4 protein chains.
Amino acid sequence: MTPAPNPELRNQRSHRAILDAALELALRDGYAKVTVEGIAQAAGVGKQTIYRWWPSRAAVVLEALNDRSGPASQVPDTGNVEADITATAEAVIRLLGTDLGTVWRGLVADAQGDPRLAEDLRRTFFEPRMALWRERLQAAVEAGELRTDVPTRTIVELLFGPVYHRLLIMGPDTLDPENTAARVDYLLNGIRKR
Amino acid sequence: MTPAPNPELRNQRSHRAILDAALELALRDGYAKVTVEGIAQAAGVGKQTIYRWWPSRAAVVLEALNDRSGPASQVPDTGNVEADITATAEAVIRLLGTDLGTVWRGLVADAQGDPRLAEDLRRTFFEPRMALWRERLQAAVEAGELRTDVPTRTIVELLFGPVYHRLLIMGPDTLDPENTAARVDYLLNGIRKR
Amino acid sequence: MTPAPNPELRNQRSHRAILDAALELALRDGYAKVTVEGIAQAAGVGKQTIYRWWPSRAAVVLEALNDRSGPASQVPDTGNVEADITATAEAVIRLLGTDLGTVWRGLVADAQGDPRLAEDLRRTFFEPRMALWRERLQAAVEAGELRTDVPTRTIVELLFGPVYHRLLIMGPDTLDPENTAARVDYLLNGIRKR
Amino acid sequence: MTPAPNPELRNQRSHRAILDAALELALRDGYAKVTVEGIAQAAGVGKQTIYRWWPSRAAVVLEALNDRSGPASQVPDTGNVEADITATAEAVIRLLGTDLGTVWRGLVADAQGDPRLAEDLRRTFFEPRMALWRERLQAAVEAGELRTDVPTRTIVELLFGPVYHRLLIMGPDTLDPENTAARVDYLLNGIRKR
DNA sequence: CGCTAATCGAGACGGTACGTCCCGTCTTGCC
DNA sequence: GGCAAGACGGGACGTACCGTCTCGATTAGCG
């Protein structure tokens with residue numbers, strides 16, 4: 001087993017340079033074109049320094065992306081779930097439509113063949129954001145706005161599942177923040193004819 | 001410009017051997033480990049024969065997968081949308097949970113960085129299946145079972161989006177055909193407290 | 001086991017380019033600075049093409065050196081061993097003093113840690129040359145010029161051993177073709193006081 | 001300019017550990033596999049400590065080898081050069097046939113591309129031994145046993161050259177202490193038919 | 001029924017990136 | 001200030017595949 005490196009001796013300058021280079025390359029050339037060799041060169045760093053701290057190029061880009069995105073932001077609570085969800089979901093969808101969203105798609109793609117990365121992606125990206133949504137939804141349940149028999153985790157999935165469908169399968173150009181309000185309406189009121 | 005090869009001269013034995021080898025390798029070693037070289041060797045075929053007829057390993061595996069899966073199957077129409085949707089969706093979800101689903105994840109992954117493949121995947125896999133769903137849903141709309149203001153395309157997305165969320169993001173082990181009925185219930189009746 | 005490549009399909013142009021590049025680099029930068037990567041680049045060739053046909057950079061340089069040096073040349077037979085030996089030995093020593101001799105030193109050095117190379121070096125370089133010397137010496141023995149109880153192999157060693165001593169141990173600048181005649185005299189007549 | 005380290009502050013324990021580790025590794029794994037990193041680890045020492053006191057792994061191994069071999073030993077003087085030379089040369093040849101000889105071959109190899117090491121090797125290993133031989137041979141010259149017109153340096157080369165030929169070129173397994181007497185005979189009496 | 005042109009298997013080729021090994025230097029506390 | 005420890009920038013290693021290319025050897029249909 002490789003002896004784990006000692007994080008206290010980590011060179012902060014190199015760490016930053018690597019993250020910056022990785023994200024810049026991903027945004028400029030597309031995630032698929034990012035290579036460890038390229039990051040190392042762009043960051044003025046030896047390849048070994050990257051391999052010492054990350055298991056793969058994907059892990060570097062993930063950290064770079066999280067580093068750039070900052071922490072997940074709170075879902076507002078105005079007392080009206082429908083409005084709050086619509087507004088925040090729109091913002092998320094808009095973000096996923098940018099270059100960062102494209103990088104993010106590449107990470108999700110890589111994660112399909114790399115369980116370690118999939119786990120990291122969930123842990124550092126999805127779960128924190130999902131937790132905030134669930135908190136807000138729980139408040140709505142308690143305020144009597146939502147059914148009590150639907151797990152908040154499921155609600156988040158019902159809400160965002162279609163977004164990922166568009167992003168990963170129908171192609172990102174089909175992502176459409178405009179229709180968020182309608183989708184939230186369907187979700188809240190159902191599609192059954194009354 | 002290279003003259004397009006004449007499909008009539010295509011060697012049927014090789015064609016079959018390539019598809020079979022590609023799928024077998026994908027199922028045995030995982031999609032990520034499949035290489036054109038490996039397929040060629042396993043199929044007893046020259047690499048050029050693969051490149052002559054397909055643009056990439058992904059295209060081969062896609063054709064192999066479609067070939068194996070057969071055509072999309074009709075959604076039944078018993079007159080009860082909820083039951084019909086639930087039963088058929090369960091079957092789809094069960095399929096996605098098998099090894100074939102894993103191969104399919106690999107294809108979706110590759111498609112993120114390969115617009116040509118993404119297009120093929122949509123055209124040969126998603127659209128046919130979605131068309132059948134939309135047909136059945138349109139019947140339900142006309143039968144007065146569903147709201148008339150929701151595009152059938154959107155309904156399919158609302159229904160399957162969460163499945164892809166589970167499959168591609170939360171990990172395929174979290175796929176759960178049991179809960180299909182509940183999800184269909186939420187979708188039809190909404191999650192708002194009444 | 002790696003399947004041996006088929007020599008009939010070998011690309012002659014690449015073969016030549018590799019040998020030429022290897023020798024040129026060895027002469028220009030010194031044997032120690034030669035790398036497989038450098039040869040490949042200079043020859044406009046993929047690294048794999050080198051590894052396909054040679055086991056190491058040393059093997060490439062050895063073939064390049066043998067290719068350049070041409071076959072071993074006959075030792076003349078004027079009927080006077082002393083003169084023949086002296087003249088030919090002088091030529092050899094002079095050659096070892098050139099740049100080619102320096103490359104050759106590098107090969108002998110590498111051979112110390114690479115039995116396969118050592119064997120190749122003996123087989124393709126030393127043995128053919130030694131065989132010619134032994135032939136000439138055998139003629140001298142039969143002509144009654146030399147003792148019959150000294151193996152010709154030993155004579156060659158007695159003659160060239162000191163040359164290698166100078167070349168490999170005392171430093172190549174101490175190689176001195178001028179003294180060849182004296183050394184041949186000592187060898188023939190002995191150093192015992194009479 | 002880096003100030004030269006002060007030898008008085010040198011840690012004796014580390015010094016010993018480094019020499020011991022270096023030689024042990026060279027004997028165990030072969031000289032070619034010895035690395036500074038490996039020595040440092042085996043000696044429980046920082047790499048810098050090695051680089052502070054030696055210019056290269058070869059320098060370490062050379063010192064270790066000299067340290068282990070002890071000083072060159074006197075050539076005996078019984079009044080009979082032939083016997084004295086034969087006996088002592090046999091001992092030397094026997095030593096070169098051991099593992100130490102193999103390490104020594106590695107050093108000579110490295111010296112081909114490292115003039116500094118070549119110089120050190122000559123100064124600390126060859127010259128002292130050669131000086132003792134020359135002393136003994138000079139006594140023989142003065143005792144009227146040897147020709148006066150052959151430099152003692154040349155005699156040593158004539159005697160040991162063939163040994164190095166065997167060791168470095170024909171392969172160390174061809175080293176044969178048994179034939180020392182015959183070779184000394186040829187050297188003293190010449191190989192010319194009388 | 002043999003001709004000829006495209007396809008086939010095989011695999012060598014120029015390349016790119018991989019992940020590893022070690023180099024020799026630098027940095028950080030401990031003694 | 002020497003030291004153990006080990007991170008650092010760097011260079012080369014030998015390997016895996018990429019997509020293209022060159023070979024004969026089948027193997028069509030067409031003449």
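Quick note on labels: first sequence line is chain A, next is B, and so on, each numbered from 1. Keep in mind that the numbers below use all heavy atoms, side chains included, and drop hydrogens, waters and symmetry copies. What you see is a predicted model, and the numbers here were worked out from it, not measured in a lab.
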* To do: Return yes when atom CZ of A:R13 has more than 12 non-hydrogen atoms of other residues, nucleotides or ligands closer than 6.0 Å, and no otherwise.
  => no

* **Under-4.0 Å salt bridge between A:R16 and A:D67** => yes

* Structure fact -> Rounded to the nearest 0.5 angstrom, the CG-CG distance for C:L100 and C:L23 is 6.5 Å

* To do: State, with a plain yes or no, whether a side-chain heavy atom of C:Y31 is found less than 4.5 Å away from one of C:L25.
  => no

* **D:R122 side chain to C:I169 backbone, donor-acceptor under 3.5 Å** => yes

* What is the distance, rounded to the nearest whole Å, between atom CG of B:D29 and atom C1' of F:dA16? -> 15 Å

* Asked: What parts of residues 30-49 of chain D reach DNA chain E, counting only heavy atoms under 4.0 Å away?
  -> D:T35, D:V36, D:E37, D:K47, D:Q48

* To do: Return yes if some donor-acceptor pair links the side-chain N/O of B:E37 with the main-chain N/O of B:K47 below 3.5 Å, else return no.
  => no

* To do: Please report, rounded to the nearest Å, how far the P atom of F:dG24 is from the CG atom of C:N6.
  => 10 Å

* Nearest-Å distance, CG (B:D110) to P (F:dC18)? -> 11 Å

* Asked: In whole angstrom, what separates C:D114's CG from F:dG14's P?
  -> 11 Å

* Asked: D:R116 CZ to E:dG24 C1': how many Å, rounded?
  -> 15 Å

* First encountered from the 5' end of DNA chain F, between C:P55 and B:Y51 -> C:P55

* **Residue met sooner reading DNA chain E from 5', once C:N11 and A:S56 are mapped to nucleotides** => C:N11

* Asked: Within less than 4.0 Å of OP1 or OP2 of E:dC13, is there a side-chain N or O belonging to C:R52?
  -> yes

* Side chain of B:S14 (C-beta onward), nearest among E:dG9, E:dG19, E:dC13 -> E:dG9

* Structure fact -> To the nearest angstrom, the CG-P distance between D:L25 and E:dC22 comes to 12 Å

* To do: Give a yes or no on whether C:Q41 atom CD has more than 12 heavy-atom contacts from other residues, nucleotides or ligands under 6.0 Å away.
  => no

* May I ask you to verify if any side-chain N or O of B:W54 is less than 4.0 angstrom from the OP1 or OP2 atom of F:dG19? => no

* Given DNA chain F, 5'-ward residue of the pair A:R10 and B:R57, judged by closest heavy atom -> A:R10

* Roughly, in whole Å, what's the span from CD1 in A:I50 to P in F:dA7? -> 16 Å

* Asked: Quick one: is A:W53 getting a side-chain N or O under 4.0 Å of the F:dG6 phosphate, OP1 or OP2?
  -> no

* Gap between atoms CD and P, on A:Q12 and F:dA7 respectively (whole Å) -> 14 Å

